[in-house]
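Here's the structure, in structure tokens; my notes come after.
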Amino acid sequence: MDFLDNYTRELFEILFKGEKREVPRTVREEIVEQYTIASSKELTAPIVCLFKRLLDFAKKDNISPISFGLDKEKLIDLANKHAQIDEHHVTVGGRVLRALDIVNKANSRINPYMEKKDLVAPSGIELWERILENKERIKRALNITEDEYNTYRGQIKNVIQDVDTLARTLKLPQKAFEDIKRVTKKYRMRLTPYYASLIMPDRLDDPVLIQCVPTGEMVDNVGIEIPPVAADHSPARLIDQFYPRVLTIKSTNMCAMYCTHCLRIAHIGKKDRIYKKEAYEEAIDYIRKNEYIRDVLITGGDAFILPNKLIKWILEELDKIDHVTMKRLGTRIPVTTPQRIDNELLDILDESNDKKPVRVVTQINTPQEITPVSKKAFKNISKRVMAVLNQAVLLKGVNDSKEKMWKLCEVIQEAYVRPYYIFNCSYRNPQFAHLRVPIEVGQEIVESMYGNISGDAIPRYIATAGGKIPLHRTNVVGKQDNNIILKKPWSNEEVKYPDADPEQYNNARFSFFKYKE
Ligand SMILES: *Cc1c(COP(=O)(O)O)cnc(C)c1O
Ligand code: SF4
């Protein structure tokens, strides 16, 4: 009787509440056969299987195990055997009455996701065949050879920047093209042929299309543009700084693809500018003279637009500064133009990472942006740096549902990228007000991830408003004496959580300090 815990006692109570009944011979023989296997093998599964069946009979038809010639003695022996075999002495009652139910309940939480995820948010890997068809169509339309297509130079040389070229590669309603023509007089459009191949041509709600092809709202939305933060947060040339220990060098205003939701739209994509060496020198000089600076983000635009030689030089200059101990590079190029990730660049990252950690921060907003090609680029980068992190932007129609955002987080994690932030789409620019999502929706999406997907695939939800401000809803819902009441985001179950004893906490004479004279 040594292993009969409360769960197993409860199980026996239910089993033997039933009556002895006549059962069909075949069923009886089946159960006896199961019992023989369960008692002869040193395995737990046959025991669990037998008890589950007996439980079903007891619950559904009020049939006791006696009906199969199995008395209490026999089953107690079997229950004891289960707990003895199990490495952690888990009882058959705990497993059958509790654990399996808990797993089933958990499964039911994510059933809708499992059913819908590949339909509503297919990855570029799942769509690869169709992307390859798109690629062939675009190559023909723009007269690009396979060799040229596969190089970065070929991608940049053949960027799609005007509505007529776009019309040759993509079917859209005539009205849409007129709209794009109107908008592109003011705002730039630029798609690499590769990025354009990710657009599914038969869908007007395509999550890649929304991000790269500007629509009429960009000029029609009313509202006042609030000047970019740089105006009042740039203490030195190229530098943006909100924080004492982290700052950014805006190393270029160019990107391989211009996003319709770019929060730097005031600077980015207007006119390509090559910055002077003196500008970088002044920025690094500012960092050198400011000993508080620990972490430097080389951003843009897109940091990987810079030539390898310049990236190498900037990293080397930063590595020479003792108080700079961390570096980050911000880039969407592995998503928009993965052909850029050459061995020379990987070696540069590796060499600098060897001295002090390098992280690459990227922006992936839909799993459709993860293809076998971008995944390989991320894999290669991740082998050479400390981490590859994703900063997604929450965008209407792109990733504003649980299914889409969970899938994004899972797919990028499988592509060697860790979800880091979800940015709320900026309030500063009326140009993309039509892509904004209410904070409540964002909170619901992020909070719903806890308990349902891997913890390290869950990003933090952030508003940028003079620094990055977390938007998560708090899970502390009450206080009772010295307990706080926590709510589990995945089940809304409230749990009492004893807080640290305040008196003990305030006692400075603890641990070794208590010996202090
Ligand atoms: C995003 C950003 C940072 C970095 O913020 P983290 O929370 O450390 O990722 C630093 N400076 C500026 C100006 C930024 O925009
Ligand atoms: S990659 Fe970044 S900087 Fe470039 S257009 Fe997109 S959001 Fe703007």
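Remember, predicted model here, so these are calculated numbers, not experimental data. Ligands are counted one by one from 1 in listed order, and the atoms in each one are counted from 1 as well.
- Near ligand 1, D240, F242, Y243, V246, T248, L297, R328, Y420, Y421, K468 each place a heavy atom less than 4.0 angstrom from the ligand.
- How far NZ of K117 is from CD of E126: 6.5 Å, rounded to the nearest 0.5 Å.
- For atom 4 (Fe) of ligand 2, protein N, O or S atoms closer than 2.8 Å were enumerated as C255 SG, with waters left out.
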Go through it in stages, so that I can follow the logic: the residues are T192 and M257, the test is side chain to side chain contact (heavy atoms under 4.5 Å, CB included), and I'd like the CA-CA distance, side-chain angles, deciding distance and then a yes or no. CA-CA 7 Å; T192 55; M257 182 278 281; 5.5 Å; no
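- Across all their heavy atoms, C259 and Q363 have their closest contact at SG-OE1, 4.4 Å.
- Ring planes of F242 and H233: perpendicular class, angle over 60° (limits at 30 and 60°).
- For the pairing with R384, the side-chain hydrogen bond (donor to acceptor under 3.5 Å, both in side chains) check across D347, N353, D354 returns one residue only, D347.
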Trace of the side chain to side chain donor-acceptor pair (under 3.5 Å) decision for N308 with D342: CA-CA 9 Å; N308 285 343; D342 54 36; 3.2 Å; yes
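- Contact annotation: the side chain of L142 approaches that of I160 to within less than 4.5 Å [non-hydrogen atoms, C-beta and beyond].
- In summary, E447 and K488 do not engage in a salt bridge, as defined by a charged side-chain N under 4.0 Å from a carboxylate O.
- The part of Q363 lying near ligand 2 is the side chain, judged by heavy-atom distances below 4.0 Å.
- In this structure, L172 and A176 approach most closely via the heavy-atom pair CB-CB, 4.2 Å.
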Apply side chain to side chain contact (heavy atoms under 4.5 Å, CB included) to residues M218 and K186 and explain how you reach the verdict. CA-CA 9 Å; M218 253 179 124; K186 180 142 190 225; over 6 Å; no
